[in-house]
Amino acid sequence: GLIEAWNVSFERHIWEKVCVPRMGWPAIQRGQWRCAMAKARAYSLPGALAEAAVIAGASARKDAAGKRLLNRFSVPRNPTKADTRLRLDPATDPEGPALYAYNVQDIVAEAEVSSLVPDLQRDELEWWQVDQEINSRGIQVDVASVTAAIAIVEEALRRYNGELAVLTEGAVSSASEVARLVAWLEGCGLRLGSLDEEAVEQALARKDLHPHARRALEIRSLVGSASVKKLFAMEHMVCRDGRIRDLYTYHGARTGRATGGAVQPTNLPNHGPAVRKCTTCGKHYGEVVSRCPWCAAVPPPATQEWSAAAMEDAIAVIRGGSLDLVEITFGSALPAISGCLRGMLVAAPGHDLIASDYSAIEAVVLAELAGEEWRREVFRTHGKIYEMSASKISGVPFEEMMEHRKRTGQHHPLRKTIGKVAELASGYQGWVGAWKAFGADEFMSEEEMKTAILKWRAESPNIVEFWGGQTRRLPFGGSVQEYYGIEGAAISAVLVSGQEFSHRGVTYFCQGDVLYCRLLSGRYLTYHRPRLEPSQKRFGEHSLSYEGWNTNPKNGPIGWIRMQTWGGRLVENLVQATARDIQREALVRQERAGYKIVLHVYDENVAEVPEGWGSVEEFEMIMSTMPAWAADWPVRAAGGWRGKRYRKD
């Protein structure tokens, strides 16, 4: 029979690791498990039972006393002379019956919420089962290197905080004392409302900083680095067999993407500090180091970007556990350690990692969904979308850009300053603010950005049409109301409940108080309690909003809130969800073929295989085999590698 629970992986772990080996209970096959929380997440409800029950309108609710009772009976207590017990036994404790009642009430609430939520579709159920296998399998950790790196980080924190205390004359003894550091910086003439990563980075870009204020901010940037904190998460999560598990939250994002927990495998740094490669011994070291620390040779004049080979050299130094040695070799320890975090995840003995990623998958999906033919042709042929986009915006011939690369070995400057920014910022109806978020204000004025955005839109009319809208401009002036594109389909579905409205195969309809979006894959995106109000920006048009669980502070408070949406954001949801479904099917196929997945990011799959088994070519072939609904899409996996350490090529 089927066995369901809320966050069933916990029950499964207890059953398999405790109940079967210690208590003699019967084994349960993996295919028998079901998860009510997974269903709720796929239905765009929060993962916490208490919140999900309220939002779903369940009459049964989670017992609010549960946390206190669980802590009372699960957490070891401090023994006293009068009572030497380490734990309280609910079978004899006066509050034992309340604990049992809490458990029963949890089951009632779980069952009712589950009954109000649709079951996972067949393909999605199969993916959830693979997701559970990936979480159970985990990935091997280089424990010795993690331990050595933590020792270096702790020594560096002591050293940097000591320097900060001297610098501030005792006013600030630790970079984590935010209020004190903000007040001290204000005394240096620098007023900051926050010391988060973005605020510190912006402040360090100023040219008028007092040297002491600059150094204090540099220390804050080093000490406050979120990336090196992942080392401690690795140390805390590692199991007795040297693996870390339960790295992913199924359907953690609205679009269906998994999110990472603790170690955050979806957000590991993909770079480290600039380095030099010795022409004598071939080893890497920091760009500020005067001579090769490995062989004392004079350094080459040019620096290189961080690489997998540089990471290997850095880990060899880090394993010594000496802060001084790392700084002698790489100049600054924490950036070097940050660049090595991926390499702390390794293949098990006798195994290799095989990895590959999709080339510009979201750009391909957007082009295919919108039917932008010149973009489709780019991806069917050379794939140089940044160069082609820069060419269309600037007027510089594409051939000239490619000739520049051939002649100099470097990308044409417009590829980065216009092409890349345009593709990253404009695909979802982004305006000047979006371009600034990708750094365009470093080399363009606002007027130049507006001109480039309008040119991008003029060159991609099918994408603009795909975003859709509610008003058509007439050729000779004036306008007429018309619901078109994705925005028009969503608005129409809310206006006429129960009727389907489609655009290029994507369908919206309302059922009950829910707006559904049926993707090409057949999966549904869910928007609860959709509402239309008169637009504050465009007379005669509607503003569409829905209720959902917000995880981004930039969009409002964390939690269940009402959120605005529009054509560009709806398309962003579509593209991410569609790309996710392509990857979902590839991961399932790879598992079936024997490639045991240990990691996956939004465009990257990583498997652990026995030495000598499988190949990068077969791995990429499976990834590049499209589902029937996207059979002719030019989605390709490329640049794969095989090795012992996880890396970013």
Side-chain angles (χ1 to χ4, degrees), residues 1-15 28 30-70 74 98-129 131-132 135 246 248-259 261 509-518 523-531 546-551 557-563 577:
L2 300 181
I3 300 177
E4 183 183 84
W6 193 273
N7 189 21
V8 77
S9 60
F10 174 77
E11 274 79 3
R12 183 169 54 77
H13 285 319
I14 295 297
W15 195 290
I28 294 178
R30 292 285 175 92
Q32 292 176 252
W33 295 106
R34 295 292 186 272
C35 184
M37 185 178 78
K39 289 170 52 176
R41 286 189 177 279
Y43 193 54
S44 295
L45 293 178
L49 176 61
E51 286 88 354
V54 172
I55 294 160
S59 57
R61 302 290 171 84
K62 188 177 179 70
D63 187 346
K67 182 175 176 60
R68 182 186 66 80
L69 290 168
L70 286 175
S74 301
L99 174 69
Y100 301 146
Y102 157 75
N103 279 283
V104 171
Q105 179 60 25
D106 245 25
I107 300 302
V108 172
E110 291 173 12
E112 184 177 357
V113 175
S114 179
S115 72
L116 298 172
V117 174
D119 288 335
L120 296 179
Q121 296 163 271
R122 181 175 58 82
D123 289 349
E124 197 63 20
L125 174 62
E126 186 175 15
W127 162 234
W128 173 76
Q129 290 171 331
D131 166 85
Q132 294 294 287
N135 273 323
D246 291 328
Y248 295 99
T249 298
Y250 167 78
H251 219 293
R254 154 171 304 282
T255 56
R257 281 178 167 176
T259 53
F509 64 93
C510 274
Q511 186 173 308
D513 203 9
V514 178
L515 172 65
Y516 293 95
C517 170
R518 187 166 61 242
R523 185 167 67 90
Y524 292 90
L525 298 182
T526 308
Y527 302 87
H528 291 277
R529 297 167 191 149
R531 297 291 183 268
Y546 65 93
E547 291 183 8
W549 190 265
N550 179 48
T551 59
I558 302 299
W560 190 261
I561 64 171
R562 179 158 292 278
M563 295 181 275

Taking the side chain as every heavy atom from C-beta outward, state whether Ile28 and Trp15 have any pair of such atoms under 4.5 Å apart.
yes
Could you report the tightest heavy-atom contact between Gln32 and Gly1, atom names first, then the distance?
NE2-O, 3.0 Å
Decide yes or no for Trp560 and Val54: does some side-chain heavy atom of the first lie under 4.5 Å from some side-chain heavy atom of the second?
no
Closest non-hydrogen atoms of His251 and Arg41, given as atom of the first, atom of the second and distance, are ND1-O, 3.4 Å
Are Gln129 and Trp33 close enough that some pair of their side-chain heavy atoms sits under 4.5 Å apart?
no
Check for a donor-acceptor pair, side chain of Trp6 on one end and backbone N or O of Ala111 on the other, with a separation under 3.5 Å.
no
Which heavy atom of Thr259 sits nearest to which heavy atom of Ala253, and what is that distance?
CG2-N, 4.0 Å
Please indicate whether Phe10 has more than 12 foreign heavy atoms, meaning atoms of other residues, nucleotides or ligands, lying under 6.0 Å from its CZ.
no
Are any non-hydrogen side-chain atoms of Arg531 and Glu547 less than 4.5 angstrom apart?
no
Would you call Gln121 and Tyr524 a side-chain contact if the rule is heavy atoms closer than 4.5 Å?
yes
With side chain to side chain contact (heavy atoms under 4.5 Å, CB included) as the test, would you mind laying out the steps for Trp127 and Leu120 before giving the verdict?
CA-CA 10 Å; Trp127 162 234; Leu120 296 179; over 6 Å; no
Kindly give the heavy-atom pair with the smallest separation between Ala60 and Ala53, and that separation in Å.
O-CB, 3.9 Å
Donor-acceptor pair, side chain of Ser114 and main chain of Ala36, under 3.5 angstrom
no
Within a strict 4.5 Å, meaning less than it, do heavy atoms of the Tyr516 and Leu525 side chains meet?
no
Leu515 CG to Ser44 OG distance, which is reported to the nearest 0.5 Å:
10.5 Å
Pair Asn103, Asp63 - check side chain to side chain contact (heavy atoms under 4.5 Å, CB included), show working.
CA-CA 9 Å; Asn103 279 283; Asp63 187 346; over 6 Å; no
Which atom of Thr526 lies closest to which atom of Ala42, heavy atoms considered:
OG1-O, 4.1 Å
Under a 3.5 Å threshold, yes or no: a donor from one side chain and an acceptor from the other, between Tyr250 and Glu124?
yes
Using modelled atom types and a 3.5 Å cut-off, is there a donor and acceptor pairing between side-chain atoms of Gln105 and backbone atoms of Lys62?
no
Within the 4.5 Å heavy-atom criterion, are Val8 and Met37 side-chain neighbours or not?
no
Main-chain N/O of Ser59 paired with Glu112 side-chain donor or acceptor, under 3.5 Å
yes
Distance col, row Leu116:CG vs Ile55:CD1, nearest 0.5 angstrom, shows 12.5 Å
Show the nearest heavy-atom pair for residues Lys39 and Pro118, with the distance to one decimal.
CE-O, 3.5 Å
Counting only N and O atoms by type, is there a donor-acceptor contact under 3.5 Å from the side chain of Arg34 to the main-chain atoms of Gly31?
yes
Flag side-chain contact, heavy atom, 4.5 Å: His528 against Leu45
yes
Begin from the C-alpha positions of Asp123 and Arg523 and carry the test side chain to side chain contact (heavy atoms under 4.5 Å, CB included) through to its verdict.
CA-CA 9 Å; Asp123 289 349; Arg523 185 167 67 90; over 6 Å; no
Quick one: pull up CD in Glu126 and CG in Asp131 and give me the separation to the nearest 0.5 Å.
12.5 Å
Between Arg562 (side chain only) and Arg529 (backbone N and O only), is there a donor and an acceptor less than 3.5 Å apart?
yes
List the steps, then state whether side chain to side chain contact (heavy atoms under 4.5 Å, CB included) holds for Ile3 with Glu11.
CA-CA 10 Å; Ile3 300 177; Glu11 274 79 3; over 6 Å; no
